[in-house]
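So the structure is just underneath, and the comments pick up after that.
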Amino acid sequence: MSQAFEEAFNLLCGDKIGYGMSREVFECALLPGYVVKVETGRGMFQNIIEWETWQIVSETATSRWFAECKWISPNGKLLIQERTRPAGVLDFPERIPLWFTDTKRSNWGMARAKNKDGSPGREWLVCHDYGTGLMLQEGTTTKRTKKAEWYEA
């Protein structure tokens, strides 16, 4: 059975393009424009947090700050999320919503918004690594912002 799991993984995942404290990120071989985040650590649940956050914000104006989550596996180990392109220094705004606590530049990227008719819109800076932060404690309903203190990892 493990050979079937390996083949299914290789069908879904392309090249490894990143990693973090509890996840590895791969190109999504089946959905161009998306990545597969594989939860490797125990008890972190970052994929689930990102999925649940996206479910809450997806139909609100707040969604403008988040990379879209497309699909999650039943146990949360695999998450398919919109792929962003690297942002330039000038793409980073001076102010961001209060509930974003991790301002590491590599956690952010550019994504193309969709117009109401479904056509591609302008590009926005979005967070693509939002599995930790104050969102659950502070909520995403406040319009308060703070001065962003961006840093390199």
Side-chain angles (χ1 to χ4, degrees), residues 12-14 16-41 43-153:
L12 178 64
C13 297
K16 182 177 175 180
I17 58 173
Y19 64 93
M21 62 189 216
S22 70
R23 298 184 288 184
E24 295 180 344
V25 182
F26 298 85
E27 292 176 335
C28 185
L30 294 178
L31 292 171
Y34 288 86
V35 297
V36 179
K37 293 183 172 185
V38 179
E39 191 103 27
T40 57
M44 296 298 291
F45 307 110
Q46 288 185 341
N47 282 348
I48 293 170
I49 291 169
E50 285 184 358
W51 175 259
E52 291 297 322
T53 300
W54 178 252
Q55 298 311 299
I56 291 166
V57 303
S58 65
E59 298 296 322
T60 71
T62 304
S63 66
R64 166 266 173 271
W65 289 99
F66 298 88
E68 171 197 21
C69 292
K70 188 79 165 170
W71 180 85
I72 192 167
S73 63
N75 66 8
K77 289 284 189 186
L78 302 176
L79 174 71
I80 296 179
Q81 186 182 67
E82 175 181 20
R83 185 172 184 173
T84 64
R85 73 163 181 81
V89 172
L90 297 178
D91 293 319
F92 289 88
E94 187 175 319
R95 300 191 69 78
I96 58 173
L98 183 66
W99 23 263
F100 281 118
T101 57
D102 192 346
T103 53
K104 183 168 54 175
R105 290 184 192 269
S106 61
N107 288 348
W108 298 72
M110 301 302 289
R112 187 163 298 280
K114 293 182 182 98
N115 293 321
K116 290 183 181 183
D117 65 1
S119 64
R122 68 172 279 215
E123 283 193 319
W124 293 94
L125 182 75
V126 298
C127 185
H128 57 240
D129 188 357
Y130 49 93
T132 60
L134 285 178
M135 286 175 284
L136 296 178
Q137 294 89 345
E138 297 294 326
T140 57
T141 57
T142 182
K143 294 184 192 268
R144 290 178 48 208
T145 62
K146 66 179 180 180
K147 182 166 178 21
E149 296 181 21
W150 301 106
Y151 69 96
E152 302 293 336

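Fair warning: this is a prediction, and the values are worked out from it, not measured in the lab. By convention here, the first residue in the shown sequence is residue 1.
Applying the ring pair (Phe, Tyr, Trp, His ring centres under 6.0 Å) criterion to Phe26, with sequence neighbours excluded, gives Phe9. Partners of Trp71 according to the ring pair (Phe, Tyr, Trp, His ring centres under 6.0 Å) rule, which considers only residues two or more places apart in sequence or in another chain, do not exist here. Residues meeting the ring pair (Phe, Tyr, Trp, His ring centres under 6.0 Å) test with Phe92, sequence neighbours left out: Trp150.
Under the 4.5 Å side-chain criterion, counting only non-hydrogen atoms from C-beta, Tyr151 is in contact with Lys104. Between Leu78 and Asn47, every side-chain heavy-atom pair lies at or beyond the 4.5 Å cut-off. In this structure, Gln81 and Tyr130 have side chains that are in contact, with non-hydrogen atoms separated by less than 4.5 Å. Contact annotation: the side chain of Met44 never approaches that of Arg23 to less than 4.5 Å [non-hydrogen atoms, C-beta and beyond]. With a 4.5 Å cut-off on side-chain heavy atoms, Phe66 and Glu82 do not count as touching. Between Trp99 and Thr53 the shortest side-chain heavy-atom distance does not fall below 4.5 Å. You'll find the side chain of Leu12 reaches within 4.5 Å of the side chain of Cys28, heavy atoms only. Between Ile56 and Thr62 the shortest side-chain heavy-atom distance does not fall below 4.5 Å.
Of the candidates Val126, Leu125, Asn107, Thr84 forms a side chain to side chain contact (heavy atoms under 4.5 Å, CB included) with just one, namely Val126.
Figure legend: cation-pi geometry between Arg105 and Trp108 absent, as NZ or CZ is not positioned both under 6.0 Å from the six-membered ring centre and within 45° of its axis.
The two residues Lys37 and Glu50 make their nearest non-hydrogen contact at NZ-OE1, 3.0 Å.
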